[in-house]
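Bear in mind the structure is a predicted one, so any value in this text is a computation, not a measurement. Sequence lines set the chain letters: A, B, ... in the order given, protein chains first and strands last, and positions in each chain run from 1.
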Amino acid sequence: MGVKVGVLALQGDVAEHIAAFREALAERPGSSVTAVRHAEDLTDLDALAIPGGESTTISRLIEKNGLYEPLAEFGGGVFATCAGMVLSADRVDDPRVRPLSLIPMHVARNAFGRQVDSRETMLEVAALTEPFRAVFIRAPVATDAGDGVEVLARIPEGIVAVRSGRHMAFAFHPELGGDLRLHRMFLEGLGV
Amino acid sequence: MKLEELRFGTELIKRGFASMQKGGVIMDVVNAEQAELAEEAGAVAVMALERVPADIRAAGGVARMADPQKIVEIIDAVSIPVMGKARIGHFVEAQILEALGVDMVDESEVLTPADEQFHIDKTGFSVPFVCGARNLGEALRRINEGAAMIRTKGEAGTGNVVEAVRHMRAIMGGIRGLSGLSSQELVDQAREIEAPAELLIECAQRGRLPVVNFSAGGIATPADAALMMQLGADGVFVGSGIFKSANPEETARAIVEAVNHYDDAKVIAEVSKGLGEAMKGLDVHLLREDEVLQTRGR
């Protein structure tokens, strides 16, 4: 059966998320990947990707577009990267961001410093047999994860990959770099 | 995690940083207060400057990198990325900006060029660069030198969008013109526009530039910003247009929303109401040859 994925398209690397999910779903007939800009775009979606970008900007646009409640009450699985991880948390270290409380965790923005401290590394991720080439760009980390949150990867700075029910969140960018193993793991976990 | 496995400043990191700015507005600011206002209004990044381009025009003389003290003040004031401008070819200004912790360097024609033959070799830096371009050949030459992001040059500090439109149409039209060309014709076209053939072929295959392409140089209103988005920009830089307007705070918010809803005229109409006077602006046809900024760099 096909999977219907939406990508929150307010700001950030939306096109990269759409391209990655289209590739991951290429062999699932009846699947679709669409941009979400209005509350009605969420109808019937099995999953929603919240992309990387500037979390302060995206948070402001969520409010402006009346999307806070519809997103916080979204019933499908959420695949969140970087700024998306910040937004999916229930606590954030910055009052300029109003998190959606989808995953019980505390997230710190820009945990690595300036852009020159952004990095690529081969990361050990639980449930993957081979390391994942993770690219961190002005990335956040989770500083604690609540009950029922499975920590999939951790580095000295903090937690960088989690799974909570059907939701997954990453401090790095699985949508960049062409490795779709985490997308496939997420899609399997949806149980569609 | 072993430290030797860490890699900094790769192409993926630099271009990825630029991708995170897409759909956003990058605003010129000259102090911490303006930077905070820009962040509050929803800017994805700020450009830290000594003066906005309109004031650089008015001041005359040699325009250089901003005072590092000023850049640090702006970095300390906001959580969004901070960019800084270096003169074309002035790799030491770029080294200084990188050392200060600037998140992206703009090798900019708005400042007085330091080298009339060579641009900065941007591949040697960990910090990503954005460069101006007027057409496809110029954009690809900059990407070949290591630029992670392109912005159309427009004519900065004029509040007149006509040159930004000309340059965006030239780049988008240049890419559309590649479709249907044979591989031999693509190589010939690359020679014609003085661009590396492999980058031109990549454009033909992808139907777009290999990096993010923003618009800049003359955007003064929410409608201007939406116009550039509809013409194919991935986002916009707004320089003098915000802090030279009658109401910077409202103008900044309105431009952010106009970029977000660039294809929805009702929203653009709503956010454009009662903003007061936009910056006065200049007729680019009346500029003397030495006052034109876009012809700096090649």
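The number of heavy-atom neighbours closer than 6.0 Å to CZ of A:F112, taken from other residues, nucleotides and ligands shown, is above 12. Atom CD of B:Q230 sits in a crowded spot, with more than 12 heavy atoms from other residues, nucleotides or ligands closer than 6.0 Å. No more than 12 heavy atoms of other residues, nucleotides or ligands lie within 6.0 Å of CD in A:E27, so this atom counts as exposed by the packing criterion.
Interface remark: A:V135 contributes side-chain atoms only to the contact with chain B (heavy atom separation under 4.5 Å). Looking at A:R154, neither its backbone nor its side chain comes within 4.5 Å of chain B, counting heavy atoms on both sides. Contacts between B:A43 and chain A at a heavy-atom distance below 4.5 Å involve the backbone alone (N, CA, C, O). Contacts of B:A18 with chain A are absent, with no heavy-atom separation under 4.5 Å from either backbone or side chain.
Taking NZ from B:K22 and CD from A:Q11, the interatomic distance works out to 10.0 Å, rounded to the nearest 0.5 Å. Rounding to the nearest 0.5 Å gives a distance of 10.5 Å between NE2 of A:H17 and OG of B:S19. Rounding to the nearest 0.5 Å places CD of B:E98 at 10.5 Å from CD of A:Q115. The CD1 atom of A:I137 lies 6.5 Å from the CG atom of B:L12; values are rounded to the nearest 0.5 Å.
Within residues 202-211 of chain B, no residue has any heavy atom under 4.5 Å from a heavy atom of chain A. Contacts of residues 50-77 of chain A with chain B at a heavy-atom distance below 4.5 Å involve A:G52, A:G53, A:E54, A:T56, A:T57, A:R60, A:L61, A:K64, A:N65, listed in sequence order. Listed by sequence position, B:V256, B:E257, B:N260, B:H261, B:Y262, B:D263 are the residues of residues 255-265 of chain B in contact with chain A, using a 4.5 angstrom heavy-atom cutoff.
Residues passing the ring pair (Phe, Tyr, Trp, His ring centres under 6.0 Å) test with A:H183 are A:F21, A:F79, sequence neighbours excluded.
With chain B as partner, the option from A:D117, A:V116, A:L176 having the largest number of non-hydrogen pairs under 4.5 angstrom is A:V116. The choice from B:V212, B:I75, B:V102 that makes the most heavy-atom pairs within less than 4.5 Å of chain A is B:I75. Interface summary for chain A: among B:P128, B:A41, B:G235, B:P81, the most heavy-atom pairs under 4.5 angstrom belong to B:P81.
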Worked check of side-chain contact (heavy atoms from CB on, under 4.5 Å) between B:V82 and A:R114: CA-CA 9 Å; B:V82 176; A:R114 311 299 306 175; 3.9 Å; yes
Full working for side-chain contact (heavy atoms from CB on, under 4.5 Å) between B:V78 and A:R96: CA-CA 11 Å; B:V78 291; A:R96 287 170 286 215; 5.6 Å; no
Evaluation steps, side-chain contact (heavy atoms from CB on, under 4.5 Å), between B:I13 and A:E120: CA-CA 7 Å; B:I13 293 170; A:E120 259 180 74; 4.1 Å; yes
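A:D13 contributes no side-chain N or O that, together with a main-chain N or O of B:G16, makes up a donor-acceptor pair within less than 3.5 Å.
A:N110 and B:S79 get closest at one heavy-atom pair: ND2-O, 2.9 Å.
Using a 4.5 Å heavy-atom threshold, the side chains of B:M20 and A:H173 count as touching.
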